[in-house]
Number of protein chains: 2
Amino acid sequence: MSEVVEQSAEPGTERGGPPDAFDVFSRNCPSRATLEHVTGRWGILTLTALAHDTLRFNALRRRVDGVSEKMLSQTLQALERDGLVIRDAQPVNPPHVEYRLSPLGRETTDRLLALITLVEDRMPDVLAARGRYDEARGTG
Amino acid sequence: MSEVVEQSAEPGTERGGPPDAFDVFSRNCPSRATLEHVTGRWGILTLTALAHDTLRFNALRRRVDGVSEKMLSQTLQALERDGLVIRDAQPVNPPHVEYRLSPLGRETTDRLLALITLVEDRMPDVLAARGRYDEARGTG
DNA sequence: CGGCATCCGTGACGATACTG
DNA sequence: CAGTATCGTCACGGATGCCG
């Protein structure tokens, strides 16, 4: 396995800092890594896709437009490892595996959803801002 | 300029879809790009750093541990272009440039903060889950 | 101080093929 | 169906140097 999302190699994990040691601003804080799993390109979409339903691998793949098999697999593993996603595998043939959110995953996804909703709602503003910015540069 | 965050090259922007056309799930939706600016590794941290204060470039750089000059510059440009960050440049010598959140940027950052707070709070759970996951693989 | 341009390595990512 | 293994690319991102 030459390519892994992140094994337990967090160097600064055991530095035993103060109680608020999980501040994302420091380079080696594990919360930074988790935050990146959650907010990573595929992390966001995967969690959001699981917000309402329990889904199987390929259903998820269809839902998250553009994700490759590999990246979905990787993303799911990272999220499962962080305890945000639960993997239910039934050893039947053909294999039947379902993914769903854990309680913590649900909480996280709720906040994510709040963010996404805002961004989607305000896209007209964003697009307008982009237009202004580009014009101020392109035209002079 | 061979390396650019993203110019106006969004291919699916003008497809004139339905009102809810800003669904992040479709590959070519501009909201997906904006979401990635916001939730990108440096986007999150930059916005969060600006949550409370107006900051100058190098102050920001010190605050966001590990960011390179180049990435901070790129990130700020993307966020400014999307209308989330406002750049105040005073043409004095030495140059004095300040960055602050726009109203939309503030709204966005508030939601981001809610997410970050949750993740930081729950890091013990995450770490425990990781421990269980790793053990179930390494040992069993 | 606040940038921008250039060079360049690394690894994230996608496509494909294979397994159970 | 649900993945894992392998390989190639390319653009993300760091280091450096220059300019206003």
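Order of the sequence lines sets the chain letters (A, B, ...), proteins ahead of strands, with each chain counted from 1.
A side-chain contact (heavy atoms from CB on, under 4.5 Å) with B:V67 holds for exactly one of B:M71, B:E69, B:R63; it is B:M71. Under the side-chain contact (heavy atoms from CB on, under 4.5 Å) rule, A:T108 has a single partner from A:V38, A:L35, A:T34, A:L113, which is A:V38.
Contact between the side-chain N/O atoms of B:S68 and the OP1/OP2 oxygens of D:dA15 is not found at any separation under 4.0 Å. For the OP1/OP2 pair of C:dC4 and a distance below 4.0 Å, the side-chain nitrogens and oxygens of B:S73 include at least one atom meeting the criterion. One finds a side-chain N or O of A:R41 lying less than 4.0 angstrom from the OP1 or OP2 phosphate oxygen of C:dC13. Within the structure, a side-chain polar atom (N or O) of A:R56 is placed less than 4.0 Å from OP1 or OP2 of D:dA2. In this model, the phosphate group of C:dG2 is approached by a side-chain N or O of B:N58 to a distance below 4.0 Å at OP1 or OP2. For C:dC4, one of the phosphate oxygens OP1 or OP2 lies less than 4.0 angstrom from a side-chain nitrogen or oxygen of B:Q77.
Residues passing the side chain to side chain contact (heavy atoms under 4.5 Å, CB included) test with B:A89, sequence neighbours excluded: B:R87, B:V97.
Atom pair A:R61:CZ and C:dA15:C1' shows a separation of 10 Å (rounding to whole Å applied). Rounding to whole angstrom units, CD of residue A:Q74 and C1' of D:dA2 are separated by 16 Å. The CG-P distance, from B:L60 to C:dG2, rounds to 10 Å in whole Å. Atom CE of A:M71 is separated from atom P of D:dG3 by 15 Å (rounded to the nearest Å). The distance from atom CG of A:L55 to atom P of D:dC1 is 14 Å, rounded to the nearest whole Å. The nearest whole Å value for the distance from the CD atom in B:E69 to the P atom in D:dG14 is 12 Å. At whole-Å resolution of the value, OH in A:Y99 and C1' in D:dA2 are 7 Å apart. As a whole-Å value, the separation of A:L72 CG from D:dG3 P is 9 Å.
Relative to the side chain of B:K70, the nucleotides D:dA2, D:dA15, C:dG3 differ in distance, and D:dA15 lies closest.
Backbone-only contact: B:R87 has heavy atoms under 4.0 Å from sugar-phosphate atoms and none from a base.
Proximity of a side-chain donor or acceptor of B:R32 to a complementary backbone N or O of B:V24 within less than 3.5 Å is detected. Using modelled atom types, one side-chain atom of A:D23 and one backbone atom of A:F25 make a donor-acceptor pair closer than 3.5 Å.
With the nearest nucleotide of DNA chain C identified for both B:V97 and A:P94, B:V97 has the one nearer the 5' end.
Contact annotation: side chain of A:Q90 to base of D:dC1, donor-acceptor pair absent below 3.5 Å.
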